[in-house]
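Everything on this sheet refers to the single structure shown next.
Each chain gets a letter, A, B and so on, in the order the sequences are listed, and its residues count up from 1.
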There are 2 protein chains.
Amino acid sequence: MSIRVAVVDDQALVRGGFAAVLDLQDDIEVVAEAGDGAAAVEIARAHRPDVILMDIRMPEMDGLTATRAIVDSADWPVKVLILTTFDPDEYVYEALRAGASGFVLKDISPEDLVAAVRTLTDGGALLAPSVTRRLISRFATPPTLDPAVVARIDRLTAREREVLIALASGLSNIEIAEGLFVGAATVKSHVSSILTKLGLTNRAQAVAFAYESGMIKPGGSDLGS
Amino acid sequence: MSIRVAVVDDQALVRGGFAAVLDLQDDIEVVAEAGDGAAAVEIARAHRPDVILMDIRMPEMDGLTATRAIVDSADWPVKVLILTTFDPDEYVYEALRAGASGFVLKDISPEDLVAAVRTLTDGGALLAPSVTRRLISRFATPPTLDPAVVARIDRLTAREREVLIALASGLSNIEIAEGLFVGAATVKSHVSSILTKLGLTNRAQAVAFAYESGMIKPGGSDLGS
DNA sequence: TTGCGGCTCCGCCATTTGGGGGAGACGCAG
DNA sequence: CTGCGTCTCCCCCAAATGGCGGAGCCGCAA
């Protein structure tokens with residue numbers, strides 16, 4: 001059974017080029033083409049391809065919107081490979097969120113394109129090296145590098161940071177005191193100096209600060225669930 | 001100028017295999033090898049390679065720790081390509097956080113390995129398709145799909161959700177009241193029912209819930225900075 | 001030695017918060 | 001029409017919070 005592919009691009013020449021490359025393969029069959037997003041959604045429903053090569057910039061409906069529409073409503077396993085001329089960062093995240101399984105540049109070599117289609121049908125994903133790099137850096141770098149925020153964290157003492165993370169878990173002063181084996185008055189002192197140093201006015205803001213600054217990351221608490 | 005590569009693996013045979021493949025290339029030169037993490041750090045400092053092929057499982061110091069040590073202290077542009085036998089998810093994120101630029105399986109073809117090294121030296125990044133897939137899904141899927149949490153959010157009325165996100169910004173009841181053009185008593189009522197419905201006891205926990213549940217994402221607030 | 005900062009507590013006091021109850025107005029489904 | 005839920009607001013009151021100043025102890029550096 002050959003791999004069924006649809007090609008979506010507003011330029012017929014580009015579309016034809018990619019289709020020709022893929023059709024040269026014995027196990028790949030281009031079953032449909034479309035010139036804009038709306039048409040892409042239609043041919044996807046009609047032909048149920050395994051892989052869709054999708055351009056981003058298109059008249060009427062763009063490729064990202066079309067990808068979202070197709071992936072959300074598809075009742076068969078379809079993979080979308082985004083093809084773009086440049087690699088504009090803002091598109092990458094949106095494309096992946098839209099449900100795309102790949103993101104490559106149009107200057108990809110024919111062999112790599114064919115390999116990409118096969119990779120996608122095998123359940124893998126594929127990104128252009130520069131895109132991968134961006135994704136990794138976004139993923140690997142701590143969200144907060146804001147020097148102003150970091151500076152304010154640094155002004156806290158070790159003990160105050162302990163109190164802050166306990167506070168950010170929703171604990172009352174008394175509960176924090178028990179957890180740290182100190183008196184409630186001590187915790188009050190710490191909380192006061194935390195608020196002062198961070199320029200906050202209440203503990204709710206302190207909780208928000210703990211999350212916004214990256215001191216606490218979502219997923220660390222169980223919410224009592 | 002050829003690409004200078006170091007190969008780190010505890011098995012001499014594997015090391016030799018990769019080194020032989022790379023040395024066959026005119027523009028790639030294997031300048032050093034190491035059998036464990038500690039040695040890897042040393043040879044990295046001594047030879048300052050452009051790319052380091054790094055195994056994860058090694059005696060003494062593992063590849064991730066070595067990667068961290070090398071990347072953190074390197075004063076030259078070095079890229080680390082993680083080579084692993086399997087693709088254990090827990091390692092991927094750790095590796096990327098450690099500063100690795102690539103993550104491929106050892107069953108990679110010689111041509112692909114060479115291409116990977118070149119991609120890295122060109123400033124790109126490269127992941128095995130299965131790894132890319134994982135990274136994308138992690139990146140694209142909303143953090144909270146916990147049905148228990150979602151169920152509790154659903155029990156809140158629209159107005160209560162409004163109050164909750166305002167509350168989670170660190171606003172006092174009076175400030176929330178002003179923002180919503182209602183009386184302070186009304187906000188008190190809403191806050192009370194929010195706490196009751198969510199099974200919480202104070203507003204700090206409500207703030208934490210807002211972040212943990214994904215209702216509020218870090219980066220949305222400015223912390224007054 | 002002296003000083004300084006951090007950690008530990010104390011008291012006082014105004015404000016906020018959270019729980020309890022209740023009530024009127026509105027819209028909507030049965 | 002009659003509930004039912006939501007939104008609005010009120011009362012009272014106990015508890016927690018936050019700001020203020022002050023204090024003793026300890027370790028470390030000048």
> How long is the line joining CD of B:Q205 and C1' of C:dT17, in whole Å?
Replying inline: 13 Å

> With sugar-phosphate meaning primed atoms plus P, OP1 and OP2, does B:S189 contact a base, only sugar-phosphate, or nothing at under 4.0 Å between heavy atoms?
Replying inline: base

>> Tell me whether the side-chain N/O atoms of A:R203 come closer than 4.0 Å to OP1 or OP2 in D:dT17.
In response: yes

>> Using heavy-atom distances to pick each residue's nearest nucleotide on DNA chain D, tell me which of B:F181 and A:S192 is more 5'.
In response: B:F181

> Is A:T186 touching bases, backbone alone, or none of the nucleic acid, heavy atoms closer than 4.0 Å?
Replying inline: base

> Roughly, in whole Å, what's the span from CG in B:L156 to P in D:dC7?
Replying inline: 10 Å

> Should A:T157 be listed as having a side-chain N or O under 4.0 Å from OP1 or OP2 of C:dC7?
Replying inline: yes

> OP1 or OP2 of D:dT17 less than 4.0 angstrom from a side-chain nitrogen or oxygen of A:N173, does that happen here?
Replying inline: yes

> Between D:dG19, C:dG19, D:dT17, which nucleotide has the shortest distance from any of its atoms to the side chain of A:S172?
Replying inline: D:dT17

> Are the side chains of A:I52 and A:I43 in touch, meaning some heavy atoms are under 4.5 Å apart?
Replying inline: no

>> By nearest atom, which of the nucleotides D:dT8, C:dC7, C:dC10 is closest to the A:A185 side chain?
In response: C:dC10

> Counting side-chain heavy atoms from C-beta on, which of C:dT8, D:dT8, D:dA16 comes nearest to A:I174?
Replying inline: D:dA16

>> To the closest 0.5 Å, what do you measure between CD1 (B:I176) and OG1 (B:T186)?
In response: 12.0 Å

> In whole angstroms, how far is the C1' atom of C:dA14 from the CG atom of A:N202?
Replying inline: 16 Å

> Separation of A:I176 atom CD1 from C:dC7 atom P, in whole Å?
Replying inline: 15 Å

>> Tell me the interatomic distance from B:I194, atom CD1, to C:dG18, atom P, rounded to whole angstroms.
In response: 10 Å

> Just one of A:K188, A:R203, A:E178 clears the side chain to side chain donor-acceptor pair (under 3.5 Å) bar with A:N173, so which one?
Replying inline: A:R203

> With respect to B:L180, which candidate in B:R159, B:E175, B:H190 satisfies the side-chain contact (heavy atoms from CB on, under 4.5 Å) definition?
Replying inline: B:R159

>> Can you identify which nucleotide, out of D:dC9, C:dG18, D:dG18, has its nearest atom closest to the A:V191 side chain?
In response: D:dG18

> Is there a donor and acceptor pair, one atom on the side chain of A:K188 and one on the base of C:dG11, closer than 3.5 Å?
Replying inline: no

> Any side-chain heavy atom of B:K106 sitting closer than 4.5 Å to one from B:D55?
Replying inline: yes

> Nearest-Å distance, CG (B:L164) to P (C:dG18)?
Replying inline: 12 Å

> Could you give the CD-to-P distance, from B:E178 to D:dC9, as a whole number of Å?
Replying inline: 13 Å

> Distance check: side-chain N/O of A:H190 vs OP1/OP2 of C:dT8, anything under 4.0 Å?
Replying inline: yes

> Just how far, in rounded Å, is P of D:dT17 from CG of A:L171?
Replying inline: 10 Å

